[in-house]
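Below you'll find the structure, written out as structure tokens, and then a few comments.
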Amino acid sequence: MSETPAAQDGAGHLALEGELTIYHAAEVKQQVLAALRAGPVLELDLAGVTELDTAGLQVLMLAKQTAQAEQRELRLVQHSPAVVEIFQMLDLGAFFGDALLIHA
């Protein structure tokens with residue numbers, strides 16, 4: 001994972017890479033929540049996610065719910081094919097509210 005400074009619009013940026021699975025969910029959860037609480041807006045770049053299971057999905061859903069509860073904005077961007085597959089299979093586009101775009 002890599003975190004970059006806030007963009008011009010004040011959004012923080014965190015790129016997730018590799019497997020977002022049960023084996024990494026606890027670590028990713030801590031990093032995502034810390035980045036989310038660092039500012040009013042966080043862009044979570046999913047282009048590097050190679051695998052997503054239910055534990056990883058729970059981390060993303062928790063982050064979205066936490067953002068809403070704390071009146072912050074979480075933007076999911078650059079969805080990898082692995083993420084798009086799960087989001088489409090479970091019809092989660094509306095839950096996250098972000099355009100499903102695959103990074104080319």
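Atoms considered below: every heavy atom in the structure, side chains included; atoms not considered: hydrogens, waters and symmetry mates. None of the values given here were measured: they were computed from a predicted structure.
- When every heavy atom of L36 is checked against every heavy atom of E73, the shortest pair comes out as CD1-O, 4.3 Å.
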Practice task
Assess whether side chain to side chain contact (heavy atoms under 4.5 Å, CB included) is satisfied between L57 and L92, documenting all intermediate values.
Solution key: CA-CA 10 Å; L57 183 58; L92 291 172; 3.6 Å; yes

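- Taking CE of M89 as the start and CG of D91 as the end, the distance is 12.0 Å to the nearest 0.5 Å.
- When every heavy atom of A55 is checked against every heavy atom of I22, the shortest pair comes out as CB-CA, 3.6 Å.
- With rounding to the nearest 0.5 angstrom, the CG atom of L20 is 11.0 Å from the CD atom of E27.
- At a threshold of 4.5 Å between side-chain heavy atoms, the hydrophobic network of Ile, Leu, Val, Met, Phe, Trp and Tyr places L44 and M61 in one connected group.
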Exercise for the section: Would you sort out whether V32 and L16 count as a side chain to side chain contact (heavy atoms under 4.5 Å, CB included), showing the intermediate values? Expected result: CA-CA 9 Å; V32 169; L16 300 182; 4.2 Å; yes

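- Other residues, nucleotides and ligands contribute more than 12 heavy atoms inside 6.0 Å of the CZ atom of F95.
- The number of heavy-atom neighbours closer than 6.0 Å to CG of L90, taken from other residues, nucleotides and ligands shown, is above 12.
- Listed by chain and number, the residues in a side chain to side chain contact (heavy atoms under 4.5 Å, CB included) with Q30 amount to none (sequence neighbours excluded).
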Exercise for the section: Could you walk me through whether L62 and L33 pass the side chain to side chain contact (heavy atoms under 4.5 Å, CB included) test, one step at a time? Expected result: CA-CA 9 Å; L62 173 67; L33 292 179; 4.1 Å; yes

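- The distance from the CZ atom of R37 to the CG atom of L42 is 12.0 Å, given to the nearest 0.5 Å.
- Put simply, the side chain of L46 does not reach to within 4.5 Å of the side chain of L52, judged on heavy atoms.
- Scanning all heavy atoms of the two residues, the minimum distance from L74 to A67 falls at CB-CB, 3.9 Å.
- If you take NE2 on H13 and CZ on R75, they are separated by 11.5 Å, rounding to the nearest 0.5 Å.
- Between H79 atom NE2 and E85 atom CD the span is 14.0 Å, to the nearest 0.5 Å.
- Residues in residues 53-67 take part in these salt bridge (Lys or Arg N to Asp or Glu O under 4.0 Å) pairs, two or more places apart or across chains: K64-D98.
- Note that the CD1 atom of I86 and the CD atom of E51 stand 9.0 Å from one another [nearest 0.5 Å].
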